[in-house]
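Contents: one structure, followed by commentary.
Note on naming: letters A, B, ... go to the chains in the order of the sequence lines (proteins, then strands), and numbering restarts at 1 for each one. What you see below is based on every heavy atom in this structure, not just the backbone, and it leaves out hydrogens, waters and symmetry mates.
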2 protein chains.
Amino acid sequence: MTYTRMTPAEAASLIHDQDKLALSGFTPNGNPKAVFRELSRRAVREHESGRPFAVGIYTGASSCQSVEGDMANAHAIAFRAPFSTNKDFRTHTNLGEVDYEDMHLGHMSERMRHGFYGEFDWAILEVSGIDEGPDECRAYLTTAGGIATTAARLAKRVILELNTFHNPNARLLHDTYEPGDNGSGRGPMNVIRPYDRLGENYISIDPKKIVGVVECCIPEEARAFKAVDEFTAAIGNNLAEFLVADLKAGRIPPQFLPIQSGVGATGNAVLAALGTHPGIPRFNVYSEVVQDAAIDWMLKGKIIDASATAMTVTNECLQRVYDNMDYLSQHLTIRQCEVANSPEVIRRLGVIALNTALECDIYGNENSSHVCGSALMNGIGGSCDYERNGYISVFTTPSVAKGGKISAIVPMCCHVDSTEHDVDVIVTEQGVADLRGKGPVRRAHEIIEHCAHPDYRPLLRDYLQHVAPVGHEPQSMTAALAFHDTFLRKGDMRLTNFAEYLK
Amino acid sequence: MTYTRMTPAEAASLIHDQDKLALSGFTPNGNPKAVFRELSRRAVREHESGRPFAVGIYTGASSCQSVEGDMANAHAIAFRAPFSTNKDFRTHTNLGEVDYEDMHLGHMSERMRHGFYGEFDWAILEVSGIDEGPDECRAYLTTAGGIATTAARLAKRVILELNTFHNPNARLLHDTYEPGDNGSGRGPMNVIRPYDRLGENYISIDPKKIVGVVECCIPEEARAFKAVDEFTAAIGNNLAEFLVADLKAGRIPPQFLPIQSGVGATGNAVLAALGTHPGIPRFNVYSEVVQDAAIDWMLKGKIIDASATAMTVTNECLQRVYDNMDYLSQHLTIRQCEVANSPEVIRRLGVIALNTALECDIYGNENSSHVCGSALMNGIGGSCDYERNGYISVFTTPSVAKGGKISAIVPMCCHVDSTEHDVDVIVTEQGVADLRGKGPVRRAHEIIEHCAHPDYRPLLRDYLQHVAPVGHEPQSMTAALAFHDTFLRKGDMRLTNFAEYLK
C-alpha cells in the first residue's frame with residue numbers, strides 16, 4: 001500500500017496552536033525541514049490575523065535554522081527542550097519569549113516516557129525510506145537517531161518527511177533500540193563494545209498513526225566549523241600530551257579507551273591532535289556526534305569504530321559517508337540518544353569525555369551555557385551525560401575570549417552546569433590543570449597557574465589569597481562575581497578592582 | 001591456619017606518615033575503630049616529638065568519630081575523600097588543614113582502580129568473621145559494604161579488625177561484587193530487581209597481604225537522628241502527597257518504584273510518611289543506607305526488599321536486625337557502593353531519589369555542602385549519583401533555618417552541588433514545587449510561591465521582577481549573593497536590601 005502523500009503546507013496546516021511536536025534529528029542534522037519551513041510561515045500568517053500560534057518543540061538535541069531559528073523568529077515556540085545552539089532561538093529566549101528547559105540529552109526519551117511532558121500530538125520524522133506496510137510501517141532515519149524511536153511510539157499522529165537528498169543506504173548505520181519502562185524489570189543495555197548493536201535499523205510505527213508522507217529533497221542545514229587556529233591547535237596538543245602521559249602512567253589502559261568529543265571547532269581540533277599524535281594508539285569513538293574530522297580519521301583507520309547519535313557533518317562530508325557505506329556501515333553506528341548518552345554504557349566502556357567550557361572557576365566548577373549568569377549561549381547538551389560518567393572528564397576552553405576582555409577562568413562561575421565533582425581536567429592553550437585527588441584550594445592553584453591567561457593570574461591569586469575568607473572552598477559573597485560585573489559595566493574583566501566589592 | 005594477631009597499638013605502629021589508608025565502612029558504621037583510636041593517639045605523640053604524622057583516609061562515605069573526628073583533632077589527616085559529616089573534621093577542614101576532595105560515592109572505587117589516587121599502602125577492614133585459609137582469606141564484613149572489596153584488592157597490606165560486637169550472621173546480608181576494569185570488555189551490572197545479587201558474601205584476599213588481625217569488641221558509633229518534628233513531618237507529608245498524585249496521574253507506574261532516601265532526620269521523616277500514607281503501595285528501597293525507620297518498615301512488611309551500602313542504624317536497631325536475620329537476610333542486601341550508587345542500576349530500576357538540600361535557588365540549583373560559599377557543612381555523599389539518574393529527583397529542606405534568619409530558598413546558590421537540570425521537585429514544609437518541563441522563569445515562580453517561607457517571598461519576587469535583568473535565567477552579578485552577604489554581615493537574611501548591592 002501507499003500512505004497518503006501531502007505537501008509541506010498541507011502537513012503544516014494540520015498542526016494546532018499549543019500542539020506538542022517531537023522530532024527526529026540531533027544537531028542540525030536529520031531534522032524535518034520541509035514542514036517547518038511552512039509552519040513558521042503559517043505562524044506569521046496566524047499572528048497577522050490576530051490568532052495565537054505557538055507549539056512545543058521536543059528534539060534529540062539542537063536542531064536546524066528551519067526548525068528553531070525560523071520558528072523563534074516567528075514567535076512560534078511556546079516551549080522547547082532539551083537543547084539549542086541557534087542564534088535566533090537564543091535571542092528570543094533571552095528576551096523571555098520562550099519557555100526553554102535545558103535538559104540532559106540522555107534523559108529526554110526517558111522523561112518523555114515518564115509523562116513529564118504530557119502527551120505528544122505529533123512526531124515528525126525525516127526519513128530516507130519507508131516500507132509502507134498495511135500493519136507495520138518501517139521508517140528509516142537519515143543522519144541522526146535522537147529521540148525518534150520514542151517520539152514515534154508516543155505521539156498520537158506521525159508525519160514522515162521523505163527526504164530524497166539522503167542515500168537510502170543511510171539505514172545501514174542505524175540502531176533504533178528503545179529500552180522498556182522503568183519498573184518493568186527491564187534489563188541492561190548490552191553495549192559492551194562501541195560497535196555493539198541492540199535493535200533494528202528501522203523504526204516500527206503503527207500505520208494508523210501515519211497522517212501523511214511529505215516528499216522533499218532538502219540538503220542538511222549543517223555548516224562547517226571554523227578551521228583549527230593557533231589556540232584550538234594548542235588546546236588539542238595540550239590535551240593529547242596529557243592523555244599520552246596518563247597512558248604511560250597506567251592511568252589509561254594500554255588499549256586506550258573510547259573518546260567522546262563535543263560539537264564544534266574545538267572538538268575538531270581535539271580530534272585532529274589525537275589523530276596525529278604518535279603516542280595515541282588507534283582508538284574508538286563513543287560520542288554524541290561524529291563531525292567531519294571523525295569521518296576522515298575513520299576512513300584513514302586511526303578511528304576504528306565510532307558510535308554517535310548523529311553525523312554532524314557538512315554536506316560534502318556526508319557525500320563521502322554515502323560513497324563509503326560498504327566500509328562505514330561496518331564501523332559507524334548511529335544510535336538513539338538514550339543509548340549514546342546512556343550513563344550505563346558510558347561508565348561501562350570508560351569513555352574519555354572531552355567537552356567544551358564557556359568558563360571554569362578556580363575550584364573546577366564549569367559553565368557551558370550562560371554568559372554573565374542571565375544570558376543563554378547554548379544549552380548543556382549531552383556534556384553532563386559524559387562528564388559525570390566518563391573515565392576522565394576533561395573540559396577545554398581558550399583561556400580568554402573577546403581579545404582578552406573575558407577570562408575563561410573566574411573566581412566563581414556565574415552559572416554552574418558541571419560541578420567541581422565532575423571536572424577532572426581543564427585544558428586551555430596555556431596548559432593543563434589536573435584536578436584529580438585534590439581539594440579545592442590545591443585545585444585553585446593548579447588552575448590559576450596552569451590554565452589562566454597570564455593577564456588574569458595576579459587577579460585570581462589576589463582573590464584566593466586576600467579577597468576570599470578562609471574555608472574549605474573560599475569565596476567572597478560580595479566579590480565572587482566581580483569579574484562578570486566588571487565586564488558588564490566596564491567591558492573588560494581585566495579592570496576588576498576587588499576593593500569596589502568588599503563591604 | 002591462624003593469621004597473626006596483634007594489638008591495636010601494634011597495628012597502629014606499622015603505619016607511616018603519608019601512608020594512604022583505604023577503609024571499610026560507610027557512614028559511621030562498619031569502620032575499623034580499634035586501630036584508629038590508637039592511631040590518633042600515636043599522631044599526637046609523634047607531633048609532640050616534633051615528627052610529622054598525617055595519613056590519607058579513603059572510605060566509602062562518611063565515617064565515625066574514631067576515624068575522622070579524632071584523627072582531624074590530632075591533625076593527622078593529610079588527605080581525605082570522598083565524604084564527611086563529622087563536626088571536628090569540618091572544623092579542621094574549614095581552617096584549611098585538610099586537603100579534602102568531595103567526590104561522588106559511586107565514583108570512588110572506579111577512581112581508585114583507575115590509579116587517580118596512586119597506590120594504597122593499607123586496607124583496614126572491620127570484619128565479623130574470617131576464614132583463615134592458607135591460599136585464600138575470606139573476610140566477612142559487618143554493617144557496611146562501601147569500598148571494601150576494591151580496597152582489599154588494591155592495597156599492598158591489609159589489617160583486619162575482627163569486631164565481635166557484630167553477629168557472624170551479618171555475612172548473610174552482603175554482596176561483594178566488583179566489576180572488571182574499563183576497557184576490558186566488562187559487562188553490565190545485572191541488578192534488574194533490588195534484591196538481585198551479583199557476587200559473594202565475603203571478600204577474597206591474598207593471605208600474604210594480611211599483616212595482622214586485631215580482635216576487639218566495639219559498638220558502632222552511630223547515633224540516633226532527631227525525632228520527627230512538625231517541620232520534617234510536614235515535609236514528609238507533602239512529599240507523600242506529591243508521589244501519590246504522580247502515581248494517580250500515571251507518571252509513576254502502578255507497582256510503584258524503588259525509593260532512595262537520604263541519611264538523617266528528614267530521611268527518617270520521609271520514610272515515616274511513605275510508610276503510613278494509605279496511597280503509597282508496599283515498596284522497595286534501593287538506596288545508600290537503611291536507617292532505623294527502614295528496618296522497622298521492613299519488619300512490618302511495608303518495605304518489601306531493600307538494597308543499601310550500609311545499615312546506618314542505632315545499636316538497638318542493629319540488635320533487631322541480628323535478631324531477625326532469618327527474614328532480613330532474604331530481603332536486605334548490603335552492597336559495595338559502586339553498585340549501590342551505580343548510575344546504571346539507579347537508571348534501570350527507576351529509583352525515586354529523595355535527598356536533602358541545604359539551600360535551593362529560585363531556578364532549581366541546589367547546594368547541599370557549603371554554608372555561604374566557603375564553609376564546608378557536609379560533603380555531597382551519594383546524592384548526585386541518585387539525583388542525576390533517578391526517575392524523579394526530589395530535594396527536601398525546611399524553608400528556613402536558624403529561627404528564620406536563613407532562607408533555604410535564595411536568588412542564587414552560593415555553591416552548586418546539583419544543577420537545575422538534576423532537580424525535578426523541591427519540597428519544604430510550605431509545599432511542593434514541581435519543576436519538570438518548565439524553563440527557569442516558570443521554575444522561579446513555582447519555587448517562590450510554593451516552597452519559600454512567606455517572610456522571604458516578597459524579597460525573592462523583588463529580585464526576580466526588579467533586581468535581575470532580563471534573560472533566560474535572570475541573575476544580577478552584584479545582588480545574586482546578597483542574601484548570603486547580608487546574613488554574614490547582619491546575621492539575618494530578612495534584612496537584605498538589594499539597593500545596597502546595585503552598582
Report task. Give the intermediate values and the outcome of side chain to side chain contact (heavy atoms under 4.5 Å, CB included) for residues B:Val416 and A:His415. Result -> CA-CA 9 Å; B:Val416 175; A:His415 178 96; over 6 Å; no
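Between A:Pro188 and B:Met189, the closest side-chain pair of non-hydrogen atoms is not below 4.5 Å. The side-chain heavy atoms of A:Arg436 and B:His114, taken from C-beta on, include no pair separated by under 4.5 Å.
By the neighbour-count criterion of 12 heavy atoms within 6.0 Å, atom CD of B:Gln465 is densely surrounded, having more than that number from other residues, nucleotides or ligands.
Contacts of A:Tyr391 with chain B are made by both backbone and side-chain atoms, with heavy-atom separations under 4.5 Å. Neither the backbone nor the side chain of A:Arg90 comes within contact range of chain B; no heavy atom of the residue lies under 4.5 Å from a heavy atom of that chain. For a residue to count as touching a neighbouring chain, one of its non-hydrogen atoms must lie under 4.5 Å from one of that chain's; by this rule A:Leu257 touches chain B with the side chain only. Proximity to chain A is limited to the side chain of B:Arg193, based on heavy atoms less than 4.5 angstrom apart.
Side chain of A:Arg251 to backbone of B:Phe116: no donor-acceptor contact under 3.5 angstrom is found. Although no hydrogens or angles enter the test, the distance criterion places a donor-acceptor pair under 3.5 Å between the side chain of A:Lys503 and the main chain of B:Glu500. A donor-acceptor contact shorter than 3.5 Å links the side chain of A:His421 to the backbone of B:Asp102.
Among A:Glu344, A:Glu110, A:Glu338, A:His107, the one residue that satisfies the side-chain hydrogen bond (donor to acceptor under 3.5 Å, both in side chains) test with B:Arg347 is A:His107.
Under the rule for a side-chain contact (heavy atoms from CB on, under 4.5 Å), the partners of B:Ser393 that lie at least two apart in sequence or sit in another chain are B:Glu387, B:Phe395, B:Asp424.
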Mind listing the side-chain donor-acceptor pairs of residues 470-478 of chain A below 3.5 Å, one per line with the distance, residues two or more places apart or on another chain?
{"unit_1": "A:His472", "atom_1": "ND1", "unit_2": "B:His370", "atom_2": "NE2", "d": "2.9"}
{"unit_1": "A:His472", "atom_1": "NE2", "unit_2": "B:Tyr100", "atom_2": "O", "d": "3.2"}
{"unit_1": "A:Gln475", "atom_1": "OE1", "unit_2": "A:Tyr463", "atom_2": "OH", "d": "2.6"}
{"unit_1": "A:Gln475", "atom_1": "NE2", "unit_2": "A:Pro411", "atom_2": "O", "d": "3.3"}
{"unit_1": "A:Ser476", "atom_1": "OG", "unit_2": "A:Thr478", "atom_2": "N", "d": "3.2"}
{"unit_1": "A:Ser476", "atom_1": "OG", "unit_2": "A:Thr478", "atom_2": "OG1", "d": "3.2"}
{"unit_1": "A:Ser476", "atom_1": "OG", "unit_2": "A:Ala479", "atom_2": "N", "d": "2.9"}
{"unit_1": "A:Thr478", "atom_1": "OG1", "unit_2": "A:Tyr501", "atom_2": "O", "d": "2.8"}

